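One structure below.
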Amino acid sequence: MKLVTCGLPYANGKAHIGHLRTYVPADVYVRYLRLMGQDVLFICGSDCHGTPIVVNAEKEGISPKELVDRYHEHFQKIFRELCIEFDFYGRTDAEYNHYRTQEIVKRLIENGYVYAKEIELAYCPKCDRFLPDRYVEGICPYCGAIARGDECDQGCGRHLEPGEIKEPRCKICGSKAEFRKQKHYFFKLTAFKDFLIDYLENKLQGTENALNYAKQWVKSELRDWCITRNLEWGVKFPGEDLVVYVWVDAPIGYISFTEEACKRKGLDWKKIWLNGEISDITHFIGLDIVYHHCIFWPAMLKGAGYSLPKAVVASGMVKVEGKTFSKTRGYVVWVEDDYLKAGFNPDYLRYYIVNYTSHEKDLNFSWKVFRDKVNNEIIATLGNFIYRVLHFAWKNFGRIEGKVDPVVIDKIAEIKDKIVSAINRWEFKEASDAFMELATFGNEFFQSSKPWDLIKEDRDKCMDVLASCIQIVKALVIFAYPVMPKTMSKLAEFLGFDIANARLEDALKPIESIELKKPFIPFEKVDDKKIEEMERVMLERIRKAEKAEFGKELIDIKEFEKLDIRIGKILKAERIKGSRKLMRLEVDVGNEVRQIVAGIAEVYKPEEVVGKLVPVLVNIKPAKLMGVESKGMILAADVNGKPVLLHPDKEVPPGSKIK
RNA sequence: GCCGAGGUAGCCUAGCUGGUCGGGGCGUCGGACUCAUAAUCCGAAGGUCCCGGGUUCGAAUCCCGGCCUCGGCACCA
């Protein structure tokens, strides 16, 4: 029994096309494996714990469970509609997962891989509780911006260690927080370094993007992980009033979901997860969670004495209309609101995702490309072939009994081999290209055999041609089924065979005789108007996102007056070693010369900025960047993330105030 | 700066253990056909395989040096 899993969707937001980049290929993979006669268990589930869920639930005034229920339902619906069929779709907040997580944590403790350590954490006296990272708000010690407990998200983007943040406040009640010491638990990841190197170098299979990534991390720096959090919502850490970190109980979902799936099917889950060193487990994930799956997860399994995964398959990133996927900037395609509500056949999107490019590479989603791929490939080449054959055969014969040309059987065999080879390398584009090649072959065969002429001269010969063509149709239905299950299962039914129990080899067995009903058109065309509409929706969303960026909050003049902006003259400039962006400047701001660090080195050379007049925010709190102190901030225009310096219209004395 | 992944015709891409390797698809142009969802089939145009060196009898493919793009880290006062 082979186990295939997908990265668990986080039950905190709706499904978008980025999710599908992983789930669709995984489903396609499983369907092909089954056509190849393999026994596969395919599982997934919702990731239900963690701070963001708690924070969002609180924001909406509902319980975390209610929030999780909503998105759990949502994802199940999306998967159902896109024909992504898991043998079991669970959730990590279910009893079975709590049980398994605690069992594994206990084993890790017993085996000496967990230790306690006192750390300083923000504590709210009023709420009478420790504040998890995202419940803390304060001042970034590096840049002075308002920051979150774990990260300076508004300012410098730095990661903050517990206790680093200044002037911490409780996000819930707004009152001042204090630091208190508390005991937390750490997982000794560092103890697994040698094991991980060996595992990654010699044992783990999968796509190179994942493996290379992980190898680099293991060799550079491994740190022990703090695996406990101060939350109510989550799996209890044994013997403490703490909850286990999400990245502990989430992957354990793979195990507990397997148990549930096995229970239902009368199988033994231990044969998968407690089956010696390496077990036949394949994880499909996105590139963003390689660290967790290739490093943290195997270490945990090893530490607890469980079997290790055999392969990690990571999909490339998704771009939307050529731009980096971004929900906040509007470059997103929502599966339900955009795609399904527009009434598109799920098979189209599945084909697009699988066929656009190889699994490891970035996938660009564009509505125009979508329309072209559907109309030119799925419909004109594949759908049209199927329909023209069935229609012609039905109209002229009704029943087909003829000899299939051996050339046709050879071609089908060749395509089948291509598919098998591609699937074994997780090259789903290659597999789908292969059945498209067969469709093209079918069109050529049909065209050159001219059955429309033959029918007038030699009905038997014509019948043979059609038998060959129907053989190709049958092969196409089987070969394309994993990618386009919705339409292909309908066609299988039309042809009178059971696709659920079919095998790739069945495509080679000659059809002796077949009775045809009036065929249906398998695929509906995508029309230009609809595509224009989708593009409009998208543009609208992007524009809105830009506006939201633009029209932040209105401030009054008093707030503006807090800013002391003056013209400064750059006297000296030099690059900062080890930094691509930073330049150290000495700037005359009137009454003094200041050292300022500016992120302009990517665009400007030191010699070209010396002598320039630029506006400087002089009363910003000093900060250290790459170890260099900066007292002030050069103002510049931001053009696609690159700075463009501003200069006064006329020569003005340094220190001139800007108002 | 470090670490990954890349740079092949208007676009997407295959090939990258060196010698039918310069392929495929979309788009474009010309023709054929009419069974079919104006679908299909045949043919054509289009490329300094990022640039510069080197190894070799021979390099898109190997080595060195650049440039550029994307992602991660660091970082954008």
Side-chain angles (χ1 to χ4, degrees), chain A residues 140 142-145 155-159 208-217 219-221 287-288 290-291 316-317 319 322 324 355-358 360-364 366 368-369 372-373 375-381 383-396 427 429-430 433 436-437 439-440 442-455 462 465-466 469 519 521-526 575-583 596-603 616-626 629-636 638 641-643:
Chain A
C140 172
Y142 300 99
C143 71
C156 64
R158 236 193 162 89
H159 168 77
E208 282 188 30
N209 53 356
L211 300 182
N212 288 344
Y213 237 141
K215 281 178 200 165
Q216 161 211 340
W217 261 315
K219 284 178 191 161
S220 58
E221 56 161 67
L287 223 37
D288 49 337
V290 167
Y291 190 97
M317 307 301 274
K319 292 182 169 204
T324 303
N355 190 261
Y356 183 82
T357 188
S358 100
E360 285 185 56
K361 295 199 174 168
D362 288 355
L363 178 145
N364 179 34
S366 148
K368 283 213 173 73
V369 176
D372 290 346
K373 281 187 92 69
N375 289 349
N376 298 332
E377 298 172 29
I378 299 179
I379 295 174
T381 306
N384 180 57
F385 172 71
I386 293 171
Y387 186 68
R388 77 198 287 202
V389 168
L390 296 178
H391 190 264
F392 189 93
W394 163 74
K395 211 168 103 186
N396 294 293
E427 285 296 350
K429 176 174 171 56
E430 237 177 275
D433 278 344
M436 290 307 288
E437 184 190 329
T440 296
N443 276 317
E444 285 166 21
F445 185 86
F446 195 95
Q447 192 85 7
S448 60
S449 307
K450 296 186 182 164
W452 56 90
D453 284 342
L454 274 181
I455 187 117
C462 184
V465 167
L466 286 170
C469 288
I521 290 180
F523 298 106
E524 288 296 324
K525 260 200 150 168
V526 170
R575 308 188 70 114
I576 290 176
K577 264 179 256 155
S579 168
R580 193 175 66 214
K581 292 183 176 174
L582 298 181
M583 202 186 282
I596 295 174
V597 176
I600 57 171
E602 230 177 346
V603 183
V616 180
L617 177 61
V618 294
N619 65 334
I620 188 168
K621 287 181 188 171
K624 262 196 178 175
L625 292 150
M626 298 292 285
E629 186 170 46
S630 178
K631 294 167 86 175
M633 172 174 169
I634 303 290
L635 303 184
D638 180 340
K642 308 261 161 147

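This is a predicted model, so every value here is computed, not measured. Throughout, a chain's letter reflects where its sequence line sits, starting with A, and its residues are numbered from 1.
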Do A/N375 side-chain atoms and A/K525 backbone N/O form a donor-acceptor pair below 3.5 Å?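 Checked: no pair found.
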
Counting only N and O atoms by type, is there a donor-acceptor contact under 3.5 Å from the side chain of A/N384 to the main-chain atoms of A/I379?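 It does not hold such a pair.
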
Say you draw a straight line from CG of A/N443 to OG of A/S448; how long is it, rounded to the nearest 0.5 Å?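 So the gap between those two atoms works out to 10.5 Å.
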
Tell me: CG of A/D362 to P of B/U69, nearest whole Å?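 Checked: the CG to P distance equals 16 Å.
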
Under the rule for salt bridge (Lys or Arg N to Asp or Glu O under 4.0 Å), what residues qualify as partners of [X], not counting sequence neighbours?
X	result
A/E437	A/K411, A/K418
A/K373	A/E377
A/K368	A/E535

Shorter than 3.5 Å, N or O on both sides, protein versus nucleotides 27-29 of chain B: list them out with atom names.
{"from": "B/G27", "atom 1": "OP1", "to": "A/N376", "atom 2": "ND2", "distance (Å)": "3.1"}

What pairs of nitrogen or oxygen atoms, one from the protein and one from nucleotides 5-10 of chain B, lie under 3.5 Å apart?
{"from": "B/A5", "atom 1": "OP1", "to": "A/N212", "atom 2": "ND2", "distance (Å)": "3.0"}

Separation between the C1' atoms of B/C29 and B/G46, rounded to whole Å: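 Nearest-Å result for B/C29 against B/G46 at atom C1': 11 Å.
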
Please measure how far the P atom in B/U17 lies from the corresponding atom in B/A5, and state the result in whole Å.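 B/U17 and B/A5 have their P atoms separated by 14 Å.
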
[X]: which residues meet the side-chain contact (heavy atoms from CB on, under 4.5 Å) condition with it, sequence neighbours left out?
X	value
A/D433	A/N355, A/K429
A/N376	A/D372
A/A393	A/I400, A/L466, A/I470, A/L516
A/E430	A/A422, A/R425, A/E427

Applying a 3.5 Å limit to both distances, which nucleotide forms a Watson-Crick or G-U wobble pair with [N]?
N	value
B/G1	B/C73
B/G6	B/C68
B/C49	none

Which part of the nucleic acid does [X] contact within heavy-atom distance under 4.0 Å: base, sugar-phosphate only, or nothing?
X	value
A/F385	nothing
A/T440	sugar-phosphate
A/I521	base
A/N443	sugar-phosphate
A/L287	nothing

Under 3.5 Å, N/O pairs linking protein and nucleotides 30-35 of chain B:
{"from": "B/C35", "atom 1": "O2", "to": "A/R388", "atom 2": "NE", "distance (Å)": "3.1"}
{"from": "B/C35", "atom 1": "N3", "to": "A/R388", "atom 2": "NE", "distance (Å)": "3.3"}
{"from": "B/C35", "atom 1": "N3", "to": "A/R388", "atom 2": "NH2", "distance (Å)": "2.5"}
{"from": "B/C35", "atom 1": "N4", "to": "A/R388", "atom 2": "NH2", "distance (Å)": "2.9"}
{"from": "B/C35", "atom 1": "N4", "to": "A/Q447", "atom 2": "OE1", "distance (Å)": "3.4"}

Assuming nearest nucleotide by heavy-atom distance, tell me which of A/K429 and A/I379 is located more 5' along RNA chain B.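 Checking each residue's closest nucleotide, the 5'-ward one belongs to A/K429.
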
Partner set under side chain to side chain donor-acceptor pair (under 3.5 Å) for A/E444, not counting sequence neighbours: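 A/E444 satisfies side chain to side chain donor-acceptor pair (under 3.5 Å) with no other residue.
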
For A/K450, all residues meeting side chain to side chain donor-acceptor pair (under 3.5 Å), sequence neighbours excluded: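 Applying side chain to side chain donor-acceptor pair (under 3.5 Å) to A/K450 gives none.
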
